[in-house]
Amino acid sequence: QVRLVESGGGLVQAGGSLRLSCAAYGRTFSNYNMGWFRQAPGKEREFVAAINIVGSTTYYANFVKGRFTISRDNAENTLYLQMNSLKPEDAAVYYCAASRGLPTMTSRVEVWGQGTLVTVSS
């Protein structure tokens, strides 16, 4: 089974940018569709973005469309999430997710990373 390790979280001012990375170890990264989810304190984990195995198709939650971009580098076994125009409501723990199906909901996710914290100050 693939192991996922996120990085890139931190503190940023509203309007700023961050790029999250998710490094995959173990089983072949390019066998999995990938996604990002987030969970704010007291809230359920929610879908943010997903990308198919070859990186040709992407999906986004409405609340991040036009601000976030998901991408992957299969040669480097890495998934990315570029986050621009960050808002205080984007603050959450962001999780990398892998699935043989498209991970657009938590029930489809087969492997989770440990999460990386994003804090957005107003």
Side-chain angles (χ1 to χ4, degrees):
Q1 193 176 36
V2 68
R3 183 169 67 93
L4 305 174
V5 179
E6 300 96 332
S7 61
L11 172 64
V12 63
Q13 287 188 330
S17 299
L18 279 177
R19 188 175 81 155
L20 305 184
S21 299
C22 172
Y25 303 92
R27 298 293 294 271
T28 306
F29 176 70
S30 58
N31 285 347
Y32 292 90
N33 294 291
M34 299 295 297
W36 290 96
F37 289 74
R38 70 186 188 186
Q39 188 167 20
K43 295 188 176 181
E44 293 187 351
R45 194 169 297 189
E46 62 181 356
F47 168 72
V48 174
I51 189 167
N52 68 347
I53 287 174
V54 297
S56 60
T57 305
T58 56
Y59 303 85
Y60 295 94
N62 287 337
F63 54 77
V64 301
K65 281 183 180 177
R67 300 189 299 125
F68 291 10
T69 302
I70 188 172
S71 61
R72 66 189 295 165
D73 185 336
N74 287 347
E76 295 294 329
N77 292 341
T78 305
L79 175 74
Y80 301 100
L81 184 68
Q82 177 67 44
M83 305 187 295
N84 299 328
S85 302
L86 282 160
K87 305 175 182 180
E89 53 263 42
D90 293 319
V93 177
Y94 281 72
Y95 296 91
C96 177
S99 177
R100 282 165 290 183
L102 200 63
T104 54
M105 56 184 70
T106 56
S107 59
R108 293 182 179 176
V109 174
E110 297 175 31
V111 182
W112 292 102
Q114 85 288 352
T116 186
L117 178 65
V118 172
T119 305
V120 184
S121 63
S122 57

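Given the structure is predicted, the values throughout are model-derived calculations rather than measurements.
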Tabulate below the donor-acceptor pairs under 3.5 Å that side-chain atoms of residues 34-48 make, not counting sequence neighbours, or state none.
{"unit_1": "W36", "atom_1": "NE1", "unit_2": "Y80", "atom_2": "O", "d": "3.2"}
{"unit_1": "R38", "atom_1": "NE", "unit_2": "E46", "atom_2": "OE2", "d": "2.8"}
{"unit_1": "R38", "atom_1": "NH1", "unit_2": "D90", "atom_2": "OD1", "d": "2.9"}
{"unit_1": "R38", "atom_1": "NH1", "unit_2": "Y94", "atom_2": "OH", "d": "3.0"}
{"unit_1": "R38", "atom_1": "NH2", "unit_2": "E46", "atom_2": "OE2", "d": "3.3"}
{"unit_1": "Q39", "atom_1": "OE1", "unit_2": "R45", "atom_2": "NE", "d": "3.3"}
{"unit_1": "Q39", "atom_1": "OE1", "unit_2": "R45", "atom_2": "NH2", "d": "3.4"}
{"unit_1": "Q39", "atom_1": "NE2", "unit_2": "K43", "atom_2": "O", "d": "3.1"}

Requested in this report: Spell out, yes or no, whether L81 and M105 are grouped together once hydrophobic residues are joined by side-chain heavy atoms under 4.5 Å, including indirect joins.
Outcome: no
Query raised in the report: Mind checking whether F63 and M83 sit in one hydrophobic cluster, side chains of I, L, V, M, F, W, Y counted as touching below 4.5 Å?
Result: yes
Report summary line: Smallest heavy-atom separation, S71 atom then I51 atom, equals CA-CD1, 3.7 Å
Query raised in the report: Stepwise, does the side-chain contact (heavy atoms from CB on, under 4.5 Å) test hold for Y95 with L20?
Result: CA-CA 10 Å; Y95 296 91; L20 305 184; over 6 Å; no
Report summary line: Applied to residues 13-23, the side chain to side chain donor-acceptor pair (under 3.5 Å) test, sequence neighbours excluded, yields S17-N84
Query raised in the report: Any idea which heavy atoms bring P103 and A97 closest together, and the distance?
Result: CG-O, 4.4 Å
Report summary line: d(S30 OG, R72 CZ) to nearest 0.5 Å is 7.0 Å
Query raised in the report: So, do Y25 and N77 sit near enough that their side-chain heavy atoms are less than 4.5 Å apart?
Result: no
Query raised in the report: So, for I53 and N33, which heavy atoms are closest and what is the spacing to 0.1 Å?
Result: N-OD1, 3.0 Å
Requested in this report: Quick one: closest heavy-atom pair of C96 and L79, and the distance?
Outcome: SG-CD2, 3.7 Å
Query raised in the report: OG1 of T57 to CG of N52: how many Å apart, nearest 0.5 Å?
Result: 4.0 Å
May I have the list of side-chain donor-acceptor pairs in residues 108-122 shorter than 3.5 Å, sequence neighbours left out?
{"unit_1": "R108", "atom_1": "NH1", "unit_2": "L102", "atom_2": "O", "d": "3.3"}
{"unit_1": "R108", "atom_1": "NH1", "unit_2": "T104", "atom_2": "OG1", "d": "3.0"}
{"unit_1": "E110", "atom_1": "OE1", "unit_2": "R100", "atom_2": "NE", "d": "2.9"}
{"unit_1": "E110", "atom_1": "OE1", "unit_2": "R100", "atom_2": "NH2", "d": "3.0"}
{"unit_1": "E110", "atom_1": "OE2", "unit_2": "R100", "atom_2": "N", "d": "3.0"}
{"unit_1": "E110", "atom_1": "OE2", "unit_2": "R100", "atom_2": "NE", "d": "3.2"}
{"unit_1": "Q114", "atom_1": "NE2", "unit_2": "E6", "atom_2": "O", "d": "3.3"}
{"unit_1": "Q114", "atom_1": "NE2", "unit_2": "E6", "atom_2": "OE1", "d": "3.4"}
{"unit_1": "T116", "atom_1": "OG1", "unit_2": "G9", "atom_2": "N", "d": "3.1"}

